[in-house]
Amino acid sequence: MNAIVNTTLNRADFEQALRNKGRLYHIHHPYHQAMYGGQCSPEQIRGWVANRYYYQVMIPRKDAAIMANCPDAGVRKQWLLRILDHDGHDGDVGGIEAWLCLAEAVGLTREEVIDQRHVLPGVRFAVDAYLNFARRATWQEAACSSLTELFAPEIHQSRLDSWPQHYPWIDEAGYSYFRKRLSEARRDVEHGLAITLEHFTSVTEQARALEILQFKLDILWSLLDALTMAYSHKTPPFHTVTDQQVWHRGL
């Protein structure tokens, strides 16, 4: 369902076209709807947290790739805040540490999340595709791919509003990541949106921007597709050929 741009849009209409992509944001995926509807089992919640961690740890690497391709010092200084938000800095443990606190709050150990034993191949493939895109695209295109943050505050708020009610077994301390990202995502999207509106000005460029945003939406949707197969339909990878999880690393 890619948007078709037949003529150059003015700044306001282009921004609206980008925002209209929100109807395809993963907040509408059945797995996420089940999460904030209180319909997920502890196993399904833990599966999401453990797999999403792989995405979380790739965010600062993705942002570093954008900075490496950007010759504008002013942009790099602003974009650096995203890395600090996740890796941490003075007085702030960072988003990755906050995510590990969430993992512990839902009953996972730090070790099993950090070693990525639960990460599904489909999740790994999709996240790696996003990182590779950021490395190879122009810095403006990679910045544009971050614009799913347009819709992120809503998804974080939905978790804060619904999870304590539906999942009282989750330690309240685990919700710090979602609270943290409410303000950070709004700040980041202003910067990413300004770059996109200023750079993508022709009909061809605007169509490309919408394709890039759709690509990122597809990444996020694919993560939940993989989780649905493994944790909802009970068909994890390799389930038909082995009854135990065996990894042959390096072969």
Side-chain angles (χ1 to χ4, degrees), residues 24-59 86 93-130 148 151-152 154-182 217-249:
L24 302 175
Y25 191 49
H26 65 154
I27 195 172
H28 303 297
H29 193 287
Y31 199 99
H32 192 274
Q33 289 183 326
M35 281 198 294
Y36 70 71
Q39 299 161 355
C40 280
S41 67
E43 180 192 31
Q44 289 170 327
I45 294 291
R46 291 172 187 136
W48 177 75
V49 171
N51 276 270
R52 180 78 180 193
Y53 175 79
Y54 188 66
Y55 178 83
Q56 299 303 130
V57 295
M58 288 299 183
I59 291 175
H86 281 83
V93 298
I96 293 174
E97 176 60 28
W99 196 268
L100 288 171
C101 290
L102 172 63
E104 292 178 314
V106 303
L108 294 163
T109 66
R110 296 172 71 92
E111 291 74 20
E112 67 184 308
V113 175
I114 291 172
D115 69 19
Q116 303 172 11
R117 72 186 70 171
H118 301 300
V119 177
L120 299 165
V123 169
R124 192 178 299 276
F125 185 85
V127 174
D128 288 352
Y130 181 39
T148 48
F151 324 115
E154 179 184 1
I155 207 168
H156 295 313
Q157 191 64 58
S158 75
R159 294 162 187 157
L160 290 169
D161 291 342
S162 64
W163 281 30
Q165 172 189 353
H166 295 307
Y167 310 112
W169 52 271
I170 298 177
D171 189 332
E172 177 71 20
Y175 296 128
S176 63
Y177 177 86
F178 304 139
R179 296 190 186 96
K180 183 178 185 337
R181 287 303 298 164
L182 283 174
L217 290 164
D218 291 345
I219 292 290
L220 296 173
W221 198 274
S222 295
L223 304 186
L224 294 181
D225 282 349
L227 286 163
T228 298
M229 290 297 294
Y231 291 98
S232 298
H233 300 321
K234 302 299 182 181
T235 53
F238 318 121
H239 70 285
T240 59
V241 294
T242 180
D243 60 358
Q244 59 183 334
Q245 187 178 34
V246 179
W247 300 105
H248 299 287
R249 297 186 183 275

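Count residues from 1 along the sequence. Quantities reported herein were computed from a predicted structural model and do not represent experimental measurements.
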Student check: side-chain heavy atoms of [X] and [Y] closer than 4.5 Å:
X: L100; Y: V113; result: yes
X: L108; Y: Y53; result: no
X: D171; Y: E104; result: no
X: W221; Y: L24; result: no

Does a salt bridge link E97 with K180, judged by any charged N lying under 4.0 Å from a carboxylate O?
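K180 and E97: not salt-bridged.
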Look only at the side chain of [X] and the backbone of [Y], and say whether a donor-acceptor pair between them is shorter than 3.5 Å.
X: T148; Y: L217; result: no
X: H32; Y: H29; result: no
X: R46; Y: V106; result: yes

May I have the step-by-step check of side-chain contact (heavy atoms from CB on, under 4.5 Å) for W163 and M35, ending in yes or no?
CA-CA 8 Å; W163 281 30; M35 281 198 294; 3.8 Å; yes
If every non-hydrogen atom of [X] is compared with every non-hydrogen atom of [Y], which pair is closest and at what distance?
X: D115; Y: R117; value: OD2-NH2, 2.6 Å
X: G38; Y: Y167; value: CA-OH, 3.2 Å
X: H118; Y: N51; value: O-ND2, 3.2 Å
X: A126; Y: L223; value: CB-CD2, 3.7 Å
X: Y36; Y: I27; value: CE2-O, 3.7 Å
X: L227; Y: G47; value: CD2-O, 3.6 Å

Working to the nearest 0.5 Å, report the span between [atom1] of [X] and [atom2] of [Y].
X: S162; Y: Q33; atom1: OG; atom2: CD; result: 11.5 Å
X: R52; Y: L102; atom1: CZ; atom2: CG; result: 11.0 Å
X: L224; Y: I219; atom1: CG; atom2: CD1; result: 12.0 Å
X: T228; Y: H233; atom1: OG1; atom2: NE2; result: 6.0 Å
X: Y177; Y: H86; atom1: OH; atom2: NE2; result: 4.0 Å
X: S176; Y: L160; atom1: OG; atom2: CG; result: 10.0 Å

Among W99, Y54, Y231, Y31, which one satisfies ring-ring contact (aromatic ring centres under 6.0 Å, His included) with W48?
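Looking at W99, Y54, Y231, Y31, the match for W48 under the ring-ring contact (aromatic ring centres under 6.0 Å, His included) is W99.
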Classify the side-chain pair Y25/E154 by whether it contains a donor and acceptor separated by less than 3.5 Å.
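Short answer, no.
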Test side-chain contact (heavy atoms from CB on, under 4.5 Å) on F125 and S222; report intermediate values, then the result.
CA-CA 10 Å; F125 185 85; S222 295; over 6 Å; no
Parallel, tilted or perpendicular: which fits the ring planes of Y55 and Y130, with parallel below 30° and perpendicular above 60°?
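Rings of Y55 and Y130: parallel, as their planes differ by under 30°.
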